[in-house]
Amino acid sequence: MTPTTRKPTYPIQTDLREYLASYERDLRLPVDYDDLRAFRESSPLLDKEGKDTLWETVLYYSFEMERIHEGLKEIYAILKCGGDRTAMEHLYVDRIDFCSFGNSEPFRIRIVNSINDNQDYYYVKRADASRVYGLELEHLLSPHRMHFLTCGTTLIEEHVAGVPGTVFIRDWLYNPQVKIIRLAKELVKFNERCFVRLLGDMRSCNFVMDMTPDVEEVQIRIRPMDFDQQSYQGKKKFYLPQFFKDNTELVLYCIHHLDPTTALQYQREEQFLILRRMNASGDRLTRLLDVMAGDVISYPEKVDQLREELAEHHKDRSFLLCESMGELVRHNLAKLDERVRKQGSPKPLKG
């Protein structure tokens, strides 16, 4: 299941810009996306095995290099520590990579600390309203915080660290360090989070496994790293990771290790947690959804298809009154609220 056409870039309109500015997401930045596009030459970036990564390392004219590097260090300081320039003293830009493969045509900035050689990354992309909504919804409704900035037609995103889903399936899925039930539980919860807030295209290449060693075992959390398909496609299944061919091994893993009753309980637990995050976000989520409801981030025919499929899924024809993707997200969340309050708080299972 893949998108049939390349997704267009939707501009950040005034209402969304004002929302972002009120939460210090929209700032003036010293370097923008167009500055980085003016590179002089590029060369393919290969992995450790000599294979093409689809990224290119780019170079700039010498008279532009210092300005760009200083600006990129300043952006990193803003992203990580509120602009404290003392944090920049020991940093340098080690590499700037460009990828023309993705919709946002991103630049990946590699920052290195000269004292201890510790490295970090962040991304400079074309600003896209649906991607921004995806990042902000992830910040408000998931267990994870997202740090990003916008400036004009530029979007700055932090790097989401973890093992790519494709690599995890290949190298870690049956590793004895991974506790079976914990992984299966997280897969069910991730599937539910994506559907509730309508984040699409969560194939294994678009999320990472954040693995943290604990006292006696490895804890796993699944994190999306690509928000390009937030509320864009018309097919309901596109918002359920379980239906992607790339995720088949993970689905079979869950079927083998979880009985339907336990899976349903984990699904209900995540629904309750999402509702709790909704309540904790207060007016911020309400304001975001109001802005999103009035914005255009997909084609009318896709909105029509999705509202029909959601109405059928929930057995609720009120979805047919929704006129935008933002309204569908808001209604989907309202439906979750209604369902959880009716069912009551779930009793947690062990694992």
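Values reported hereafter were calculated over all heavy atoms of this structure, with side chains retained and with hydrogens, waters and symmetry mates removed.
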>> Taking CD in Glu24 as the centre, count heavy atoms belonging to other residues, nucleotides or ligands within less than 6.0 Å. Is the count above 12?
In response: no
> Quick one: does Thr14's side chain get under 4.5 Å of Arg17's, heavy atoms only?
Replying inline: no
> Distance under 6.0 Å and angle within 45° of the ring axis: does Arg126 meet both against Tyr33?
Replying inline: no
>> Quick check against the 3.5 Å criterion: does Gln230 have a side-chain atom that pairs as donor or acceptor with the backbone of Leu198?
In response: yes
>> Please report the interatomic distance CD1(Ile109) to CD1(Ile68), rounded to the nearest 0.5 Å.
In response: 9.5 Å
>> Ignoring hydrogens, what is the shortest heavy-atom contact between Arg317 and Ala311? Give both atom names and the distance.
In response: CA-CB, 4.4 Å
> With a 4.5 Å heavy-atom cut-off, do Val132 and Phe148 have their side chains touching?
Replying inline: yes
> Does Asn191 use its side chain to pair, donor to acceptor, with the backbone of Gln242 at less than 3.5 Å?
Replying inline: yes
> What do the steps show when you test Met209 against Trp172 for side-chain contact (heavy atoms from CB on, under 4.5 Å), and what is the final call?
Replying inline: CA-CA 10 Å; Met209 301 292 197; Trp172 283 88; over 6 Å; no
>> Rounded at 0.5 Å granularity, tell me how far CZ in Arg193 sits from CG in Leu141.
In response: 10.5 Å
> Is the closest side-chain heavy-atom distance between Asp337 and Leu333 below 4.5 Å?
Replying inline: no
>> Using every non-hydrogen atom in the two residues, find where Ser231 and Ser298 come nearest and quote the distance to one decimal.
In response: O-CB, 4.0 Å
> Taking the inter-plane angle between the rings of Tyr19 and Tyr23 on a 0 to 90° scale, is it parallel (under 30°), tilted (30 to 60°) or perpendicular (over 60°)?
Replying inline: tilted
>> What's the separation between atom OG in Ser42 and atom CH2 in Trp55, rounded to the nearest 0.5 Å?
In response: 13.0 Å
>> Whether the side chain of Arg197 engages the backbone of Gly134 through a donor-acceptor N/O pair (distance < 3.5 Å, no angle test) should be reported.
In response: yes
>> Using salt bridge (Lys or Arg N to Asp or Glu O under 4.0 Å), reason through Arg131 and Glu157 one step at a time and then give a plain yes or no.
In response: CA-CA 10 Å; Arg131 184 183 294 274; Glu157 283 184 33; 3.8 Å; yes
> Just by distance, do the side chain of Ser281 and the backbone of Arg284 share a donor-acceptor pair under 3.5 Å?
Replying inline: no
> Under the side-chain contact (heavy atoms from CB on, under 4.5 Å) criterion, do Lys7 and Asp228 qualify, and how do the steps go?
Replying inline: CA-CA 8 Å; Lys7 175 181 169 290; Asp228 181 67; 3.6 Å; yes
>> Between Pro143 and Arg221, is there a side-chain heavy-atom distance shorter than 4.5 Å?
In response: no
>> For a side-chain contact (heavy atoms from CB on, under 4.5 Å) check, start with the C-alpha distance between Arg95 and Val112, then their side-chain angles and the critical distance, and finish with the verdict.
In response: CA-CA 9 Å; Arg95 203 175 67 218; Val112 176; over 6 Å; no
>> Can you confirm whether Gln305 sits close enough to Glu301 that some side-chain heavy atom of one is under 4.5 Å from a side-chain heavy atom of the other?
In response: no
> Looking only at heavy atoms, which two atoms of Cys205 and Met225 are closest? And how far apart?
Replying inline: O-CE, 2.9 Å
> Please walk me through it: do Glu249 and Leu252 pass side-chain contact (heavy atoms from CB on, under 4.5 Å)?
Replying inline: CA-CA 5 Å; Glu249 283 197 62; Leu252 294 175; 5.6 Å; no
>> Main chain of His69, side chain of Tyr92: is a donor-acceptor contact present, judged purely on distance under 3.5 Å?
In response: no
> In this structure, are over 12 heavy atoms from other groups packed under 6.0 Å from Glu312 atom CD?
Replying inline: no
> Sub-3.5 Å donor-acceptor pair from the side chain of Arg25 to the main-chain atoms of Leu20, do we have one?
Replying inline: no
>> With a 6.0 Å cut-off (strictly less than), is the heavy-atom count around CZ of Phe101, excluding the residue itself, greater than 12?
In response: no
>> Can you confirm whether Arg28 is buried at CZ, in the sense that more than 12 heavy atoms of other residues, nucleotides or ligands lie under 6.0 Å from that atom?
In response: no
> Do any N or O atoms from the side chain of Tyr266 and from the backbone of Leu187 form a donor-acceptor pair under 3.5 angstrom?
Replying inline: no
> So among Leu79, Leu155, Val124, which one has a side-chain contact (heavy atoms from CB on, under 4.5 Å) with Leu149?
Replying inline: Leu79
> Are more than 12 heavy atoms from other residues, nucleotides or ligands located less than 6.0 Å from atom CG of Asn279?
Replying inline: yes
>> Here's a test for you: under salt bridge (Lys or Arg N to Asp or Glu O under 4.0 Å), which of Lys73, Arg110, Arg108, Lys80 qualifies with Asp120?
In response: Lys80
>> Looking at every heavy atom in both Tyr133 and Asp295, which two are closest together, and how far apart are they?
In response: OH-OD2, 2.7 Å
> Parallel, tilted or perpendicular: which fits the ring planes of Phe39 and Phe98, with parallel below 30° and perpendicular above 60°?
Replying inline: tilted
>> Could you check whether any side-chain heavy atom of Asp26 comes within less than 4.5 Å of a side-chain heavy atom of Glu18, counting everything from C-beta outward?
In response: no
> Of the non-hydrogen atoms in Ile75 and Pro30, which two are nearest, and what is the gap between them?
Replying inline: CG1-CD, 3.9 Å
> Hey, which of Asp35, Leu72, Ile156 is the one that makes side-chain contact (heavy atoms from CB on, under 4.5 Å) with Leu29?
Replying inline: Ile156
> Under 3.5 Å, side chain of His90 to main-chain N/O of Asn113, donor-acceptor pair present?
Replying inline: no
>> Please determine whether the number of non-hydrogen atoms from other residues, nucleotides or ligands lying under 6.0 Å from atom CZ of Arg339 exceeds 12.
In response: yes
> Backbone N or O of Met202 within a donor-acceptor pair of the Asn247 side chain at under 3.5 Å?
Replying inline: yes
>> Run Arg277 and Glu270 through salt bridge (Lys or Arg N to Asp or Glu O under 4.0 Å) and show every step you take.
In response: CA-CA 10 Å; Arg277 295 176 197 125; Glu270 186 59 27; 3.1 Å; yes
> Can you get from Leu310 to Leu289 by hopping between Ile, Leu, Val, Met, Phe, Trp and Tyr side chains that sit under 4.5 Å apart?
Replying inline: yes
>> Can you tell me how far apart OG (Ser142) and CZ (Arg223) are? Round to the nearest 0.5 Å.
In response: 7.0 Å
>> I'd like to know if Glu308 pairs up with Lys236 as an ion pair, taking the criterion as any Lys NZ or Arg NE/NH1/NH2 lying under 4.0 Å from an Asp or Glu carboxylate oxygen.
In response: no
> Taking all non-hydrogen atoms of both residues, which atom of Gln233 and which atom of Met325 are closest, and how far apart?
Replying inline: O-CE, 3.4 Å
> What orientation do Tyr10 and Tyr232 show, parallel under 30°, tilted 30 to 60°, or perpendicular over 60°?
Replying inline: tilted
>> Evaluate Arg37 against Glu105 for salt bridge (Lys or Arg N to Asp or Glu O under 4.0 Å), listing each step before the verdict.
In response: CA-CA 10 Å; Arg37 280 306 302 256; Glu105 297 184 308; 3.4 Å; yes
>> Quick check for you: to the nearest 0.5 Å, what is the distance between Met65 atom CE and Ile96 atom CD1?
In response: 7.0 Å
> Between His314 and Phe319, how do the two ring planes meet: parallel, tilted or perpendicular, split at 30° and 60°?
Replying inline: parallel
>> Please report the interatomic distance CG(Leu199) to CG(Leu135), rounded to the nearest 0.5 Å.
In response: 9.5 Å
>> Taking the side chain as everything from C-beta on, heavy atoms only, tell me whether His257 gets closer than 4.5 Å to Leu183.
In response: no
>> Counting C-beta onward and ignoring hydrogens, is there a side-chain heavy-atom pair between Ile297 and Met292 closer than 4.5 Å?
In response: yes
> Taking everything shown except Glu66 itself, do over 12 heavy atoms lie less than 6.0 Å from its CD?
Replying inline: no
> Are any side-chain N or O atoms of Asn332 and backbone N or O atoms of Phe195, one a donor and one an acceptor, separated by less than 3.5 Å?
Replying inline: yes
>> Under a 4.0 Å threshold between the charged nitrogen and the carboxylate oxygen, would Lys189 count as salt-bridged to Glu186?
In response: no
